[in-house]
Each structure stands twice: as structure tokens, then as C-alpha cells.
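Data first, discussion second: the structure below is written as C-alpha cells.
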Amino acid sequence: MKPLILYDIPSQLPGSYWSPNTSKPRFVLSYKELPFETVWVEYPDIATVLKGLGLMPKKRSDGPDIYTVPVLSDPNTGALIDESLEIAAYLEKTYPAKPIFPHGSQMLIRVFDSAYLNDAHPIVKLIYVRAAEILNPASVEYFCQTRSERFQLPWEVFSPEGPKRDGDWAYLEQSFSKGEALREKSGTEWVMGDTFSYADIIVASRLFWYKRVLKEDEWARISSWNGGRWAKVLDKIQQECHLA
């Protein structure tokens, strides 16, 4: 079997990968024990590289069409797929061993994915500020400019220290506490019950993003919530997927 090829965004961090969206197919590939290689693409080069592959840009209602990663190329079938959820669906159909959509749960997990990852979340502006700090110089200007345009907000006021940031942290902690309350009510090991699924990878990808880009004391703050549950959740899912 030829290795699959995952297009991802590099950083200055050890191991390089950091993005929640590109981490999801990485988790899936590792969980299914499929061999893959990474092609690193800086933000300003994404459009050129993906055009060269023959992909079309994403249609957006709130701005110009854009090219995004992750993209997966499978030399074994000739398939070329973009968007993390569609990559997961392709891998499940093509390589069904170790399922990630158990018991016909794909549509339900699609709804969960849409609801769980919401860029309108207040804390996301601080996460973007921290992400810019770990990117390679070739990507920083593009990243800051495009996020400023998306939120129609100058980059320098994205997440100033003070009451606004404190409020964002409080909102995030409240959201985590709601998630923990639901877990305690269900009493199950994984999001889908007693069976590991792509829903757990969705949760892990967001936690992984926080751990990778936030400052050490900021991740420690999240890790302390709900009796230290969230760092344990991330560790458990990474172990399940054979990822460090």
C-alpha cells in the first residue's frame, strides 16, 4: 500500500502540526493505522498548491471564495478529498477497518461536528492571537490579515488583556462545565457511548489546538477545570489513535 498524502500547515512547534482541522484527518489516519506522509504548505501558498492539484475553492457567504486545507491525496485510488469531515467519510468508506462512524452514526456525528466547532466562540480570538505566535514567518501576515477581515476587527484589538478577555475565559469555562455535566449524566466512556468514534476525534482536535497554541499557563488553566478532566480526555484519545 502506498502512503496517503496529507496537506497540512506547518508551525515552529516540535512536530509542526497544530491546526484542529488538519489534526482530525491525522487522528483518523493514525487510528486506522494507515501509512501517510505530510506535505507542508504555508498559508500564502495554499491557493497555488491546491489549484495545481485541480481543486476548486470553497464558496463562502461571508466573503470571497477560499482554498483551505486539509486535503488528502490517495495514490492507491486516485482520490483527492478536501475538508476534514469529507476526508473522514472517505477513509471510512475506503478503509472500513476500525470504524469511526459506528452503528450508522455518520449523519449524527455530522450534526455534532457542525455544532461543536463554532468560530463565533468568544475565546477564538485569543486562540488566533496565540496561533500567529507559533506560525512560521511566511504565514503570519496572511493569517492575521485574513482573520481581521473575517471578524472585521483590527488585529491589534483582537484579544486585549482586561475585562473582555476575562469574560471570554469565563464563557469558555462555562462551556466546558456544560460538556462535563452532559458526560456525567450519560456516564459513558466516549461521546457515542462505549464505542470510540469520530465524535471523540472532534473533541480531541479542539483540545489539541488549545494545548498546542496557548501559553503554558493558559493550557494549565483549562487543564485544571472539572477536576483536570480535559487534559485526561486529550491524552486518552491520543493514546487510542497512537499519537503522541
Just to verify, what does [X] make a side-chain hydrogen bond (donor to acceptor under 3.5 Å, both in side chains) with, not counting sequence neighbours?
{"X": "E141", "value": "none"}
{"X": "D8", "value": "T22, R26"}
{"X": "R212", "value": "none"}

Backbone N or O of S16 within a donor-acceptor pair of the S11 side chain at under 3.5 Å? yes
Side chain of K125, backbone of S159: donor and acceptor closer than 3.5 Å? no
Who passes ring pair (Phe, Tyr, Trp, His ring centres under 6.0 Å) against W225, sequence neighbours left out? F176
Salt bridge (Lys or Arg N to Asp or Glu O under 4.0 Å) pairs touching residues 152-164, sequence neighbours excluded, are K164-D168
Non-neighbouring partners of [X] that pass side-chain contact (heavy atoms from CB on, under 4.5 Å), sequence neighbours left out:
{"X": "S175", "value": "H121, Y171"}
{"X": "T68", "value": "K58, I66"}
{"X": "A199", "value": "I109, F112, V191, M192, S197"}
{"X": "V157", "value": "L153, P154"}

How many angstroms lie between atom CZ of R229 and atom CG of L207, to the nearest 0.5 angstrom? 9.5 Å
Quick one: which residue pairs count as a ring-ring contact (aromatic ring centres under 6.0 Å, His included) with a foot in residues 73-101, not counting sequence neighbours? F101-Y198
Per-pair distances, 0.1 Å, donor-acceptor, side chain in residues 232-244, under 3.5 Å, sequence neighbours excluded:
unit_1	atom_1	unit_2	atom_2	d
K236	NZ	E189	OE2	2.7
Q238	NE2	A244	O	3.1

Show me the donor-acceptor pairs within less than 3.5 Å that the side chains of residues 46-55 make with the rest of the protein, sequence neighbours left out.
none

